[in-house]
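Note that the coordinates shown come from a computational prediction; the quantities given were computed from them, not determined experimentally.
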Amino acid sequence: MKVRTKRAAWVALVGASAVALAGCGSDGGGEAEDGAVTLDLATSYNTDQPQHACGAEVIKETVESADVGLNIEIFPSSQLGGDADRISAVASGDIDMDIQGASALGAVYEPISVLDAAYAFDGPEHLAAFMAGDGGQQLVSDFADASGINTLGAWSAGARHFTSNAPINEPSDLAGLRIRFPGSPQFLLNAQALGAQATEIAYEEVYLALQQGTADGQENPITNIDALNLQEVQDYLNLSSHQLNTNLVIIGGVWNELDEDQQAALQEGVENAVDEVTQCVADDETEKIEEWKDSGEWEVNEDVDVAAFQEQAVAWFEAELDGDLLSVFESIRDSAE
């Protein structure tokens with residue numbers, strides 16, 4: 001697989017999108033008395049999560065160290081509103097930048113949610129290659145046309161895995177189990193593709209639902225499984241790696257108000273963050289899984305037949321998706337090595 005240089009790919013893409021968005025005004029990008037511009041960067045993530053510590057903070061450090069008259073002010077933990085509100089605010093210019101999941105952005109442009117499809121990607125490297133290639137650039141260009149929002153980069157915030165009270169080794173093991181999934185359309189499609197009976201439960205209520213038996217299992221990335229202390233109410237961590245949590249760094253019309261040096265510094269900051277988040281997540285996952293193995297808090301199930309799950313999910317999406325959604329899914333799969 002031949003991957004274009006990331007910087008050339010993203011700068012070319014955002015520059016082209018900016019032409020189309022030049023008419024979109026922005027109230028963001030506050031200017032200080034010394035002429036420096038401050039952009040607000042909103043996220044839903046807490047300060048101890050990799051999207052903040054290795055993502056937003058790296059963007060800020062890179063940009064401000066470039067000394068190009070550009071500063072970043074970070075607003076973590078949904079301080080500026082929930083996902084839907086923040087996306088609308090970026091489009092209107094009330095918020096300058098945001099870090100969003102692909103599924104949430106699907107409310108604005110449905111095909112981009114396919115980035116969160118089960119087993120669409122073989123791993124973080126596949127995601128990076130797709131986003132740097134023609135298929136990924138076309139997707140975010142179409143997203144910009146539909147929403148007025150540019151995409152500066154994308155990273156994987158970790159793979160999602162099943163937890164349960166009995167081992168889940170193959171798709172048939174999901175039969176009869178009520179598995180908690182987030183309520184977004186793409187996640188519910190993932191449940192169907194994997195053969196799971198989806199139960200929609202708010203993230204904050206997952207622990208209680210498992211404790212009380214409202215759900216038999218759930219799926220989340222390692223960082224969330226750890227944060228929720230699910231080892232207290234579940235026995236098995238099944239390493240299914242059935243979906244990458246895909247985050248995109250987005251910016252509204254304020255991009256057009258930045259000069260070339262500021263744009264270059266911001267793009268470099270996002271590129272650095274993509275690399276840092278990917279490594280931070282990988283390191284954290286390895287460390288946490290080994291810790292759990294040593295402590296015996298979980299039965300860490302490494303016997304999951306990932307190939308069987310992927311074969312089933314890919315076949316389901318190829319049969320059930322259509323139009324632009326199918327085109328994006330096929331483009332992703334075609335970009336695999």
Side-chain angles (χ1 to χ4, degrees), residues 6-7 9-18 21 26 28-29 37-45 47 49-64 66 70-81 83 86-91 93 95-106 108-109 112-113 115-116 124 127-128 130-132 136-137 139-141 143-144 147-158 244-256 258 262-281:
K6 285 193 293 184
R7 172 167 302 203
W10 284 109
V11 170
L13 175 60
V14 178
S17 298
L21 301 176
S26 171
V37 175
T38 297
L39 302 182
D40 42 57
L41 170 56
T43 85
S44 61
Y45 303 104
T47 55
Q49 291 184 281
Q51 292 96 328
H52 178 90
C54 304
E57 287 287 358
V58 169
I59 295 172
K60 175 181 174 68
E61 291 169 6
T62 303
V63 167
E64 295 182 356
L70 184 62
N71 300 310
I72 304 292
E73 185 173 4
I74 304 171
F75 294 88
S77 307
S78 299
Q79 291 179 22
L80 300 187
D83 287 342
R86 298 199 317 275
I87 295 169
S88 297
V90 172
I95 293 176
D96 299 317
M97 298 176 62
D98 194 9
I99 299 173
Q100 277 286 350
S103 294
L105 294 174
V108 177
Y109 180 64
I112 205 164
S113 67
L115 293 174
D116 273 344
L127 169 64
F130 173 75
M131 296 305 295
Q137 290 188 69
L139 176 62
V140 295
S141 177
F143 170 62
S147 65
I149 298 172
N150 284 306
T151 302
L152 297 177
W155 61 58
S156 165
L244 292 187
N245 255 21
T246 306
N247 294 153
L248 293 90
V249 183
I250 58 175
I251 186 168
V254 69
W255 172 262
N256 305 309
L258 304 179
Q262 292 170 335
Q263 289 180 348
L266 183 54
Q267 190 67 64
E268 181 180 8
V270 173
E271 290 173 6
N272 290 344
V274 168
D275 292 338
E276 288 289 331
V277 170
T278 301
Q279 191 60 52
C280 283
V281 168

Please test I149 against L105 for side chain to side chain contact (heavy atoms under 4.5 Å, CB included), starting from the C-alpha separation and ending with a verdict. CA-CA 10 Å; I149 298 172; L105 294 174; 5.6 Å; no
Carefully, step by step, assess K60 and I74 under the rule side chain to side chain contact (heavy atoms under 4.5 Å, CB included). CA-CA 8 Å; K60 175 181 174 68; I74 304 171; 3.9 Å; yes
Begin from the C-alpha positions of V58 and D275 and carry the test side chain to side chain contact (heavy atoms under 4.5 Å, CB included) through to its verdict. CA-CA 10 Å; V58 169; D275 292 338; over 6 Å; no
Where do N272 and E268 land on the side chain to side chain contact (heavy atoms under 4.5 Å, CB included) test, with the steps shown first? CA-CA 6 Å; N272 290 344; E268 181 180 8; 3.9 Å; yes
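Using modelled atom types, one side-chain atom of Q137 and one backbone atom of A132 make a donor-acceptor pair closer than 3.5 Å. At distances below 3.5 Å, not a single donor-acceptor pair connects side-chain atoms of T151 with backbone N or O atoms of G153. For the pair D96 (side chain) and D40 (backbone), a donor-acceptor distance under 3.5 Å is present. A donor-acceptor distance shorter than 3.5 angstrom exists from the side chain of D116 to the backbone of T246, with no hydrogens or angles considered.
Nearest heavy atoms, S147 versus A91: O-CB, 3.8 Å. Closest approach of L41 and A56 over heavy atoms only: CD2-CB, 3.8 Å. The heavy-atom pair separating G81 from R86 by the smallest distance is O-NH1, 2.9 Å. Closest approach of P124 to L244, counting heavy atoms only: N-CD1, 3.9 Å. Residues P76 and H52 come closest through the heavy atom pair CB-ND1, 3.8 Å. Taking each heavy atom of S103 and S113 in turn, the nearest pair found is CA-CB, 4.1 Å.
Residues S44 and D83 form a side-chain contact, since some pair of their non-hydrogen atoms from C-beta on lies under 4.5 Å apart. Residues Q100 and I87 form a side-chain contact, since some pair of their non-hydrogen atoms from C-beta on lies under 4.5 Å apart.
In this structure, the separation between CG on N150 and OG on S141 is 9.0 Å, given to the nearest 0.5 Å. L266 contributes atom CG, which lies 5.5 Å from atom CD1 of I72 (distance to the nearest 0.5 angstrom). Note that OG of S77 and CD of Q49 are 8.0 Å apart. Values are rounded to the nearest 0.5 Å. To the nearest 0.5 Å, atoms CG (L115) and CG (L127) are separated by 7.0 Å. For the atom pair M97 CE and I59 CD1, the distance stands at 5.0 Å (nearest 0.5 Å). Taking CD1 of I112 as the reference point, atom CG of L248 lies at 5.0 Å (rounded to 0.5 Å).
Paired with W255 under the rule side chain to side chain contact (heavy atoms under 4.5 Å, CB included), one option of I250, L39, L152 passes, and it is L152.
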